[in-house]
S.K.: 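One structure, as C-alpha cells, below. Some questions next.
Bear in mind that the values here come from a model prediction, so they are computed numbers and not experimental data. Position 1 is the first residue of the sequence; numbering continues from there.
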Amino acid sequence: MGQHEFDTRMLDALMPMHLIYDPDGVICSVGRTLDKMRGAETLVGHRIDEVFEIRDHGRGQGTGPVSVATRLFLTFRQPPHTDLKGMAVTVRDTDLCILNLSFGISVAEAVPQYGLSAGDFAHTDLTIELLYVIEAKAAVLEEAEDLNRRLNGEKRRAEEEAETDPLTGLYNRRAMDRVLQRMAQDQLHFSLMQVDLDHFKAVNDRLGHGAGDMVLRHVAEVFTSETRSGDTAARIGGDEFILVFDGLVEKARLIEIARRLIAKIEQPLPYGTETCRVSASIGITTTASYPTPDPDVMIADADVALYRAKQGGRGRACFHDPVAAMHDDPADVMSVAEVTGDTG
C-alpha cells in the first residue's frame, strides 16, 4: 500500500478532526471538520509545530515532531486559540502518522465559534451527547431568561400601578412620599406646591362625577405640561395635588409657574351642553427656607400657605415663610396680590 492509498473517507467518518503528517511533521491532509474550522489551505503544507503549540504529557515513541501513542495537548497558534486534545499513531506500512483531535471541555465555546453541528462529529463521538446537553441547556436558559423578562415586566407594571393614580395617570401619595424621602436623603434642593381645586364640589354636585373626573384629568394635563421631566406631580386626594420642582427654589420663577397653572385651570371646560368652572389655590414652600428640610414639615407648611390663599379669595398662590411663622406673624405668607392668577 502506498503512503496515500488508504481511504481518507473512512477517516473522515470515524475521525473528522484528524490530520495526516509526514516524517518531517508536514501536514499532508486534514479531516472535514478541521477543514471547516480552519480551511485545508491554512493547514496542509505547514508543519504541525507551526500550526499548533504542542504540550506532550507522556513519553510516547514514534516518528514526527509529536510523540506517538501518548496524550497530547495542543493550541492553535493563530486566533482563535482553541485548545485541543490529541493522540498520534503511525500508519502501518507507511511513513505517515495520523493525529486525531478533539475539543474536550472547550467544545462548548468551539461549537458556536466555528459554526459546528452534530454532523461535524463522528456518530460515536460523545461530543454529540454533549452538544445535545448544551442545546438543551441553552433552550432552558433562553426560556428562563424570557420568563424572567416577563416577570420583571409584570413587576414593573405592578409597581407603576401601585404608585399611579388610575384616573389622572399622575403619581399617587405613596409615590410622592417615596420621591420626597429620596430627595431629602440626598439633600437636594426643591420646591413644593400644594394645590387644591376651588369650586370642585359644586361641579360634582351640579353635573355629576363624570364631569368631576373630566376636570381632574384636565388639571393633570395642565400639571404635566407645566412641569419638567425631573419634576413630580401627584394626586394625593380627591381634588388635592402636590407638585415637586427639582432644583428650583427661585420665588420669581415659582410665582410665574403658579400664575400659569391657575390661569390654565380657570379656563372653562365644556361638558355636554354645560360648562365646568373651577379655579385653584396653591401653597408653596422651598428647601431654601429650612436648615434641614423635612418633607412632612414642608407639606404641612405648604398646606398652611394654601389655607391662607383660600382665605385671601381663592384662585391664588401664597408662599410660606417658616421663620415668620415661628413668631406667629401674619406676614408668613406673601401678599396674595403678588402671586395671583388674576389677569385683569
Side-chain angles (χ1 to χ4, degrees), residues 1-139 141:
M1 178 185 295
Q3 66 176 13
H4 295 292
E5 293 178 1
F6 50 88
D7 192 348
T8 56
R9 291 175 300 176
M10 177 183 64
L11 292 179
D12 271 347
L14 296 176
M15 299 181 295
M17 288 185 64
H18 79 278
L19 59 82
I20 301 173
Y21 61 93
D22 66 18
D24 295 323
V26 177
I27 300 173
C28 304
S29 66
V30 298
R32 55 185 174 85
T33 300
L34 278 180
D35 184 19
K36 180 176 182 179
M37 291 168 56
R38 295 283 175 157
E41 66 277 4
T42 66
L43 300 177
V44 174
H46 295 275
R47 287 173 52 87
I48 290 183
D49 54 5
E50 294 175 342
V51 175
F52 300 101
E53 177 187 342
I54 304 170
R55 300 176 300 284
D56 186 342
H57 286 212
R59 301 181 62 185
Q61 299 177 356
T63 60
V66 297
S67 301
V68 173
T70 189
R71 291 184 302 164
L72 301 172
F73 296 85
L74 308 91
T75 303
F76 282 115
R77 291 188 181 276
Q78 298 298 321
H81 303 289
T82 306
D83 293 326
L84 300 167
K85 292 183 178 181
M87 176 76 75
V89 296
T90 57
V91 180
R92 190 175 59 180
D93 300 329
T94 74
D95 57 358
L96 300 176
C97 287
I98 298 176
L99 175 61
N100 190 34
L101 300 170
S102 68
F103 290 112
I105 60 174
S106 64
V107 65
E109 298 177 0
V111 166
Q113 191 170 51
Y114 293 106
L116 303 179
S117 64
D120 295 308
F121 299 90
H123 179 66
T124 55
D125 194 335
L126 290 179
T127 299
I128 293 180
E129 303 300 326
L130 183 56
L131 288 178
Y132 291 148
V133 172
I134 293 173
E135 291 176 0
K137 178 182 177 182
L141 287 176

S.K.: Shortest non-hydrogen contact from Lys36 to Leu116?
M.R.: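 Shortest heavy-atom separation between Lys36 and Leu116 comes out as CD-CD2, 3.9 Å.
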
S.K.: Taking all atoms of both residues into account, what is the closest heavy-atom pair of Met17 and Met37, and its distance?
M.R.: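 Where Met17 meets Met37 most closely, the heavy atoms are CE-SD, 4.1 Å.
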
S.K.: Arg38 and Tyr114: side-chain donor and acceptor closer than 3.5 Å?
M.R.: yes

S.K.: Just checking Glu109: does its CD atom have more than 12 heavy atoms from other residues, nucleotides or ligands closer to it than 6.0 angstrom?
M.R.: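 Counting neighbours around CD of Glu109, 12 or fewer heavy atoms of other residues, nucleotides or ligands fall under 6.0 Å, so no.
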
S.K.: Mind listing the closest non-hydrogen atom pair of Ala122 and Ala13 along with its distance?
M.R.: CB-O, 3.6 Å

S.K.: Which residues pass the side-chain hydrogen bond (donor to acceptor under 3.5 Å, both in side chains) test with Asp35, sequence neighbours left out?
M.R.: none

S.K.: Give, for atom CD of Glu50 and atom CZ of Arg77, the distance between the pair rounded to the nearest 0.5 Å.
M.R.: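 Those atoms lie 9.0 Å apart.
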
S.K.: Less than 4.5 Å apart, any side-chain heavy atom of Leu34 and any of Leu101?
M.R.: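 Yes, side chains in contact.
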
S.K.: Grab the two heavy atoms, one from Arg32 and one from Asp12, that are nearest each other, plus how far apart they are.
M.R.: N-OD1, 3.1 Å

S.K.: Any ring-ring contact (aromatic ring centres under 6.0 Å, His included) pairs touching residues 76-104, not counting sequence neighbours?
M.R.: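 Listed by first then second residue: Phe52-Phe76.
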
S.K.: Do Thr33 and His18 make a side-chain contact, defined as non-hydrogen atoms from C-beta onward lying under 4.5 Å apart?
M.R.: no

S.K.: Please assess Leu74 against Leu99 for the test side chain to side chain contact (heavy atoms under 4.5 Å, CB included), listing each intermediate value before the final yes or no.
M.R.: CA-CA 11 Å; Leu74 308 91; Leu99 175 61; 4.0 Å; yes

S.K.: I want to check something: taking the side chain as every heavy atom from C-beta on, are Arg47 and Tyr21 in contact at a cut-off of under 4.5 Å?
M.R.: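 SC-SC contact between Arg47 and Tyr21 ruled out.
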
S.K.: For the atom pair CG (Leu84) and OG1 (Thr75), what is the distance rounded to the nearest 0.5 Å?
M.R.: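 One finds 7.0 Å between CG of Leu84 and OG1 of Thr75.
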
S.K.: What distance separates Ile20 CD1 from Ser29 OG, expressed to the nearest 0.5 Å?
M.R.: 3.5 Å

S.K.: With a 4.5 Å cut-off on side-chain heavy atoms, are Asp95 and Asp22 touching?
M.R.: no

S.K.: Looking at CD1 of Ile98 and CE of Met87, how far apart are the two atoms once the value is rounded to the nearest 0.5 Å?
M.R.: 13.5 Å

S.K.: Considering only heavy atoms from C-beta outward, does the side chain of Leu19 approach that of Ile48 to under 4.5 Å?
M.R.: yes

